[in-house]
2 protein chains.
Amino acid sequence: MVHSVSEIELIKLAARLYYVDSLSQVEVARLLAVSQAKVSRLLQLAREKGVVQITVSEYEPRVPELEQRLADTYDLGHVAVIRDPHVRTTASIRSNVGYFGAPVVTRLLRAGQVIGLTGGRVLAELIRHVSASDHLGGLRVVQLMGSIGADVAEFDAVELSRRLANVLGGTLYTLNTPALVSSAASRNSFLKLEQVRAVWKLYNEMDVALVGIGSLSDSSFIERGTYRAEDLKRMHALGAVGEICGRFYDANGHECQSEFRDRIVSIQFNELRRIPLTVGVTAGSGRAEAIAPVLRVGLVKALIIDENGARAVLEIADKSNRKGKKKGAQVR
Amino acid sequence: MVHSVSEIELIKLAARLYYVDSLSQVEVARLLAVSQAKVSRLLQLAREKGVVQITVSEYEPRVPELEQRLADTYDLGHVAVIRDPHVRTTASIRSNVGYFGAPVVTRLLRAGQVIGLTGGRVLAELIRHVSASDHLGGLRVVQLMGSIGADVAEFDAVELSRRLANVLGGTLYTLNTPALVSSAASRNSFLKLEQVRAVWKLYNEMDVALVGIGSLSDSSFIERGTYRAEDLKRMHALGAVGEICGRFYDANGHECQSEFRDRIVSIQFNELRRIPLTVGVTAGSGRAEAIAPVLRVGLVKALIIDENGARAVLEIADKSNRKGKKKGAQVR
DNA sequence: ACAAATCGCGAATATCTATTCCTTCGAAAG
DNA sequence: CTTTCGAAGGAATAGATATTCGCGATTTGT
């Protein structure tokens, strides 16, 4: 692919006519007596070779100020607060967090690590935007909880794990069980399965876990029919404010006792807490009450969140600071 | 059309995603929760507002060295030597000369002037590329010779004059006669027509004339059937080397005596020579022998020519310099 | 020297982008 | 409160661009 001097002149000429004089490629082609296809290729070369330079004034996709405050307040190692898009629909906020969160998360991972994943819509968006060019290799990607519905949804832990393993390079360790089984006994028999136990063992070797944080009001579990609205109402009465891996916890970050606790197939909080790096991935200000507790107790050690969500979380922190004992939180 | 801060952030984001991350507009639209149409508009704004800056490394469409040599050799006021394109077909060379020659010519013109035009394919290309944004107004555009064929071709003097008058703004003065009539008597009766005489009078007020320079070997006149190949052969035997406005001349730039001379309806050489600025527009190295004489005798005072043609003309100049008396030409 | 592989190109086509047209919404005027 | 105007944006579509495919030329390997 060597280009002669006159070839480079040709490229310059094409670039000049197209970008400066804004002729169409067909017009340029006529002028140069080549095909439009060739003009398209010439222009690509022009961009690659720097004959044409396109500079875009920097867009800052993150909000450093909020990141700093969150990191200070909850003593987090890594925080990414993703600036909200102009049009704030749930979907656009999610995909924004996914798009700009993906490279942040990717940079936390190293070749050969054991990575755990749950499901969730925001997490799904993030995984979608993990680029194949960040290939690491040798990962072991482990599913942290069973599947939510009978059918495998786009954002189930299995699907996300599979995609991550494919894109970054690594092996998928799948649980192949539902998230919620009919009884404690049933759960125990599941856990005895060789396949499941092999996965479970990896929980102790895990380097990074990526988890979604669920609220009681807007939950994938209801959408997918695993829990019913009444179930959540009851859990709420018991003090539950959020959910991770299908497990409910209260405002102090303690897991709630309930009929479900023994029927859920997923990593346990004590195991989760031992993982060196647990990254919460979430979007939307309605989640704040679910997020604050797990940050406070260190169940989640890093956070990818949207701008509005971040503000909501900080507001909660401020409130409890003002009236309660100033435990762990400090004003900056 | 005022844009808020968040609107500008939106523009930046769109530009960033499109130009830096090279997402398609549809993908950007999904991410921003707007339509693709809006993204297209945002990107346009981004370019207009300088959020995106596209710089193209300079392409030098002209060859200053050859221009200098031609100007020195023939004492020309204005010379443009247009760099040859990579692929040298007759068509691509012509359109190149037209494209880059057009602004040069336009810059020579002033509002209110009387401009004369002949026909010709290169001149046609040039006129084609005169941009409406260079509107001057008040021009009088005069046809310097009759039409070559029965049908009006793309590159007939009428058509070119009409277009120039339209684009730059001015009135068209058309001859409405054939270029070659059947007899001297016929010619005389044509010249007596009030309409024709009105045009002819303008020849004395003319500020600028744009003329093509024809060779005997490759002539529009043959293509259009005005002259036959035998005619040209005969003219060649009489010493003719070129043609301007349908009039033949020899290597010394003197008009040839011939049966045609009294039958051609076009401006005369003595009138042409009085015009303050006569611009020759030509392309192709085969024309060199026709070009050199008219430059030497000052029938043409400025030149728009392609690179190869320029070299050929200079070669002729060098040759006659070396063996003949060093009249007017100087080595630089 | 000949076959095989590679390259470069343009025609056809798939894909992406710009524009047109129309609807909606909100502000200003009546 | 109603009407009118204009701005803003999306759906449909016209128009432009990128990609695929296959062919012929050129180089490479045997």
Novice: Tell me, please, which residues at least two apart from Arg16(A) pass salt bridge (Lys or Arg N to Asp or Glu O under 4.0 Å).
Specialist: Asp21(A)
Novice: If the test is side-chain hydrogen bond (donor to acceptor under 3.5 Å, both in side chains), which one of Arg41(B), Glu48(B), Arg47(B) qualifies with Gln44(B)?
Specialist: Glu48(B)
Novice: Can you list everything that forms a salt bridge (Lys or Arg N to Asp or Glu O under 4.0 Å) with Arg311(B)? Sequence neighbours excluded, please.
Specialist: Glu307(B)
Novice: Taking five pairs at each end, how big is the angle between the two axes of the helix from dA1(C)-dT30(D) to dG30(C)-dC1(D), to 10°?
Specialist: 30°
Novice: Should the pair Arg69(A)-Glu65(A) be classified as a salt bridge under the 4.0 Å nitrogen-to-oxygen rule?
Specialist: yes
Novice: Just by distance, no angles: are the side chains of Glu125(B) and Ser95(B) close enough, under 3.5 Å, to form a donor-acceptor pair?
Specialist: no
Novice: Does the pair Glu27(A)/Arg30(A) count as a salt bridge with the N-to-O cut at 4.0 Å?
Specialist: no
Novice: Does the side chain of Lys38(B) get closer than 4.0 angstrom to OP1 or OP2 of dG9(D) through an N or O atom?
Specialist: yes
Novice: Going by ring-ring contact (aromatic ring centres under 6.0 Å, His included), name the residues that satisfy it together with Tyr99(A), two or more places apart in sequence or in a different chain.
Specialist: His129(A)
Novice: Output all residues satisfying salt bridge (Lys or Arg N to Asp or Glu O under 4.0 Å) with Arg287(B), sequence neighbours left out; order by chain, then residue number.
Specialist: Asp218(B)
Novice: With the sugar-phosphate defined as primed atoms, P, OP1 and OP2, and the base as all remaining atoms, what B/S/- string results for nucleotides 12-19 of chain D, 5' to 3', for protein heavy atoms under 4.0 Å?
Specialist: -----BBB
